[in-house]
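Model, not experiment: these values are computed from the prediction. The first residue of the sequence shown is numbered 1, and numbering continues consecutively from there. Start at 1 and go down the list; that is how both ligands and their atoms are numbered.
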Amino acid sequence: MTPKIFIDGEHGTTGLQIRTRMAGRRDVELLSIPEAKRRNAAMREDLLNSADIAILCLPDDASKEAVGMLSGNNKVRIIDTSTAYRIAPDWAYGFAEMDKAQADKIKAARHVANPGCYPTGAIGLIRPLRAAGILPDGYPVSVNAVSGYTGGGKQMIAQMEDQSREDAISANNFVYGLTLKHKHVPEMKTHGLLDRAPLFSPSVGRFAQGMIVQVPLFLDDLKDGATIESIHAALVAHYAGQDIVTVVPLEESAKLGRVDAEELANTDRMKLFVFGTPGGAHVNLVALLDNLGKGASGAAVQNMDLMLSA
Ligand SMILES: NC(=O)C1=CN([C@@H]2O[C@H](COP(=O)(O)OP(=O)(O)OC[C@H]3O[C@@H](n4cnc5c(N)ncnc54)[C@H](OP(=O)(O)O)[C@@H]3O)[C@@H](O)[C@H]2O)C=CC1
Ligand SMILES: CC(=O)N[C@@H](CCC(=O)OP(=O)(O)O)C(=O)O
């Protein structure tokens with residue numbers, strides 16, 4: 001039987017991108033709700049319960065409501081793209097490359113929490129160094145990032161693109177999350193294996209899709225003997241054997257004068273760089289991805305495929 005997939009929130013930014021990625025696929029049947037009925041609870045409940053996999057592309061509250069609509073159903077599997085379940089112990093975290101066992105956990109899971117866009121970059125950089133013992137307990141990790149404006153969903157897209165709106169945003173680049181209580185911090189801490197919450201400072205640029213996440217490190221405060229080379233080697237070893245997350249060779253990074261946030265727009269991959277000077281005191285870890293690709297919809301489709309392959 002062809003597996004049935006329902007995307008709750010299919011007319012939003014993340015949902016639409018998932019639909020685009022599924023267009024033309026014959027191995028799955030997409031159940032769909034008309035745009036005008038997208039908030040009709042009875043129709044959603046019926047479609048959710050008719051699916052083999054429900055992909056939730058909704059705000060947190062609506063995701064929780066959808067999970068509630070499935071509470072009596074022990075068959076439907078769920079991929080939730082919201083923040084609601086990302087550190088819930090009974091949900092598998094949908095970042096397949098984060099360690100060697102994760103893809104199998106996703107394959108077997110009934111409930112998968114798709115990672116946040118910024119956390120995908122941050123955890124992708126931090127977790128391998130924690131696992132290798134290079135980043136010690138107590139290290140004060142900072143995460144600085146810039147996202148394309150589609151990261152703010154339909155509302156921010158309208159605010160950036162329609163300058164006639166009362167709430168239009170005219171800035172080309174702005175820093176936000178100024179209370180330092182961003183919803184992604186717990187997720188970065190848990191899946192980054194950190195014992196201290198990172199200091200996370202996000203920003204948005206006037207480009208639709210793309211993301212740079214930076215984690216600067218002081219070598220003196222890492223494990224004794226840590227160097228730009230040993231950090232790079234730990235990342236290379238961690239990501240060996242797959243081609244979605246690539247670690248850029250040090251010689252290649254050393255030749256770069258800049259990193260373009262849009263380089264991986266419209267792809268589902270992530271690139272990791274280690275910048276610095278051999279023998280120097282600092283390194284800057286950089287992750288490059290599409291906030292809507294590996295940061296959202298690309299990861300959701302990857303997780304769906306893993307679940308279907310079980
Ligand atoms: N954009 C991004 O880069 C990323 C987003 N995500 C996550 O994906 C989720 C969706 O975000 P995004 O696609 O950006 O948001 P959008 O606002 O673009 O889309 C959300 C969709 O959900 C619909 N919706 C809202 N409330 C309800 C409800 N109660 N019942 C049914 N439908 C509802 C909206 O309808 P309406 O038009 O009526 O409001 C809209 O179609 C969020 O949880 C976000 O955190 C994850 C990673 C990255
Ligand atoms: C630019 C922007 O506003 N970004 C969002 C994060 C993206 C998002 O809402 O989704 P995820 O949590 O699933 O990544 C924010 O900072 O709230």
Side-chain angles (χ1 to χ4, degrees), residues 6-20 32-45 47-48 54-69 79-87 93-95 112-123 143 145-161 169 171 173-188 191 200-213 261 265-266 268 289-301 303:
F6 175 55
I7 305 167
D8 198 358
E10 67 181 283
H11 304 287
T13 312
T14 307
L16 273 173
Q17 287 253 343
I18 294 176
R19 272 204 340 198
T20 305
S32 189
I33 193 164
E35 186 164 10
K37 302 277 186 204
R38 65 189 179 279
R39 284 175 178 261
N40 181 311
M43 280 182 81
R44 287 174 54 223
E45 181 159 4
L47 286 162
L48 284 165
I55 307 181
L56 312 180
C57 298
L58 302 162
D60 286 20
D61 286 353
S63 264
K64 289 181 192 155
E65 182 194 41
V67 171
M69 289 172 175
I79 300 171
D80 178 37
T81 69
S82 84
T83 321
Y85 299 102
R86 291 186 188 154
I87 56 169
Y93 192 62
F95 184 178
V112 173
N114 218 50
C117 43
Y118 296 114
T120 299
I123 295 161
V143 179
V146 63
S147 173
Y149 60 80
T150 55
K154 281 168 86 170
Q155 175 160 0
M156 189 176 287
I157 294 170
Q159 287 175 288
M160 291 294 271
E161 292 185 350
I169 299 172
N173 186 195
F174 60 90
V175 177
Y176 69 106
L178 304 176
T179 58
L180 305 182
K181 298 269 181 215
H182 193 279
K183 64 178 182 173
H184 285 164
V185 171
E187 182 184 351
M188 289 183 193
H191 300 293
F200 174 47
S201 178
S203 63
V204 166
R206 188 171 291 284
F207 54 93
Q209 287 171 239
M211 173 167 282
I212 290 176
V213 181
N266 298 309
D268 293 337
L289 64 155
D290 181 345
N291 56 295
L292 290 180
K294 184 60 177 164
S297 308
V301 174
N303 289 328

For [atom], what is the closest protein heavy atom, and at what distance to 0.1 Å?
atom: atom 41 (O) of ligand 1; value: Gly12 N, 3.3 Å
atom: atom 6 (C) of ligand 2; value: His184 CE1, 3.7 Å
atom: atom 5 (C) of ligand 2; value: Gly151 O, 3.4 Å
atom: atom 18 (O) of ligand 1; value: Thr13 OG1, 2.6 Å
atom: atom 2 (C) of ligand 2; value: Tyr176 OH, 3.2 Å
atom: atom 14 (O) of ligand 2; value: Cys117 N, 2.8 Å
atom: atom 29 (N) of ligand 1; value: Ala62 CB, 3.5 Å
atom: atom 14 (O) of ligand 1; value: Gly153 CA, 3.2 Å
atom: atom 31 (C) of ligand 1; value: Arg38 O, 3.2 Å

[X] heavy atoms, cut-off 4.0 Å: which ligand 2 atoms fall inside?
X: Gly116; answer: 11 (P), 13 (O), 14 (O)
X: Arg86; answer: 11 (P), 12 (O), 13 (O)
X: Met156; answer: 3 (O)
X: Val204; answer: 1 (C)
X: Thr81; answer: 13 (O)

What atoms in ligand 1 come closer than 4.0 Å to a heavy atom of [X]?
X: Leu292; result: 1 (N), 2 (C), 3 (O)
X: Gly295; result: 47 (C), 48 (C)
X: Ser82; result: 43 (O)
X: Thr14; result: 1 (N), 4 (C), 5 (C), 6 (N), 8 (O), 11 (O), 12 (P), 13 (O), 14 (O)
X: Ala296; result: 47 (C), 48 (C)

- Working for side chain to side chain contact (heavy atoms under 4.5 Å, CB included), residues Asn173 and Val146: CA-CA 9 Å; Asn173 186 195; Val146 63; 4.3 Å; yes

So, taking the atom named [atom1] in [X] and the one named [atom2] in [Y], what distance separates them when rounded to the nearest 0.5 Å?
X: Ile55; Y: Asp80; atom1: CD1; atom2: CG; result: 11.0 Å
X: Arg86; Y: Asp60; atom1: CZ; atom2: CG; result: 7.5 Å
X: Asp8; Y: Leu47; atom1: CG; atom2: CG; result: 8.5 Å
X: Met188; Y: Ile87; atom1: CE; atom2: CD1; result: 12.5 Å

- Query: Under 3.5 Å between some N or O of ligand 2 and some N or O of Lys183?
  - Reply: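 Yes - when backbone and side-chain N and O of Lys183 are compared with those of ligand 2, one distance drops under 3.5 Å.
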
- Answer yes or no: does an N/O atom from Ser82 fall short of 3.5 Å to an N/O atom of ligand 2?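 In this structure, Ser82 places no N or O atom under 3.5 Å from an N or O of ligand 2.
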
- Message: For Tyr149, which part has a heavy atom under 4.0 Å from ligand 2: side chain, backbone, both, or neither?
- Response: neither

Does an N or O from [X], backbone or side chain, lie closer than 3.5 Å to an N or O of ligand 1?
X: Thr81; answer: yes
X: Thr150; answer: yes
X: Asn291; answer: yes
X: Arg44; answer: yes
X: Leu58; answer: yes

Looking at [Y], is its backbone amide N or carbonyl O close enough to the side chain of [X] to form a donor-acceptor pair, meaning the two atoms are under 3.5 Å apart?
X: Arg38; Y: Ile33; value: no
X: Ser147; Y: Val204; value: no
X: Thr20; Y: Leu16; value: yes

- If you compare Ala296, Gly205, Gly152 by their heavy atoms, the one closest to atom 3 (O) of ligand 2 turns out to be Gly152

- Query: Counting heavy atoms only, which of Lys37, Arg39, Lys154 comes nearest to atom 39 (O) of ligand 1?
  - Reply: Arg39

Where [X] and [Y] come nearest, the two heavy atoms and their spacing:
X: Pro34; Y: Met43; answer: CD-CE, 3.9 Å
X: Ala66; Y: Leu58; answer: CB-CD1, 4.2 Å
X: Thr81; Y: Cys57; answer: OG1-CA, 3.3 Å

- Item | Lys294 vs Asp268, salt bridge (charged side-chain N to carboxylate O under 4.0 Å, His left out): CA-CA, chis, key distance, verdict | CA-CA 4 Å; Lys294 184 60 177 164; Asp268 293 337; over 6 Å; no

- Query: With a 4.5 Å limit on heavy-atom distance, are the side chains of Val175 and Leu178 in contact?
  - Reply: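 In contact.
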
Side-chain donor-acceptor pair present, [X], [Y], cut-off under 3.5 Å:
X: Ser32; Y: Glu10; result: yes
X: Gln209; Y: Tyr149; result: no
X: Asn114; Y: Asn303; result: yes

- Item | Intermediate values then yes/no, side chain to side chain contact (heavy atoms under 4.5 Å, CB included), Glu187 and Tyr93 | CA-CA 10 Å; Glu187 182 184 351; Tyr93 192 62; 2.5 Å; yes

- Query: Is Lys183 touching ligand 1 with its side chain, its backbone, both, or neither, if touching means heavy atoms under 4.0 Å apart?
  - Reply: side chain

- Query: Taking the inter-plane angle between the rings of His184 and Phe200 on a 0 to 90° scale, is it parallel (under 30°), tilted (30 to 60°) or perpendicular (over 60°)?
  - Reply: tilted

- Task: Return yes when Cys57 approaches ligand 1 closer than 4.0 angstrom through a heavy atom, no otherwise.
- Result: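 For ligand 1, residue contact (heavy atoms, under 4.0 Å) with Cys57 is present.
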
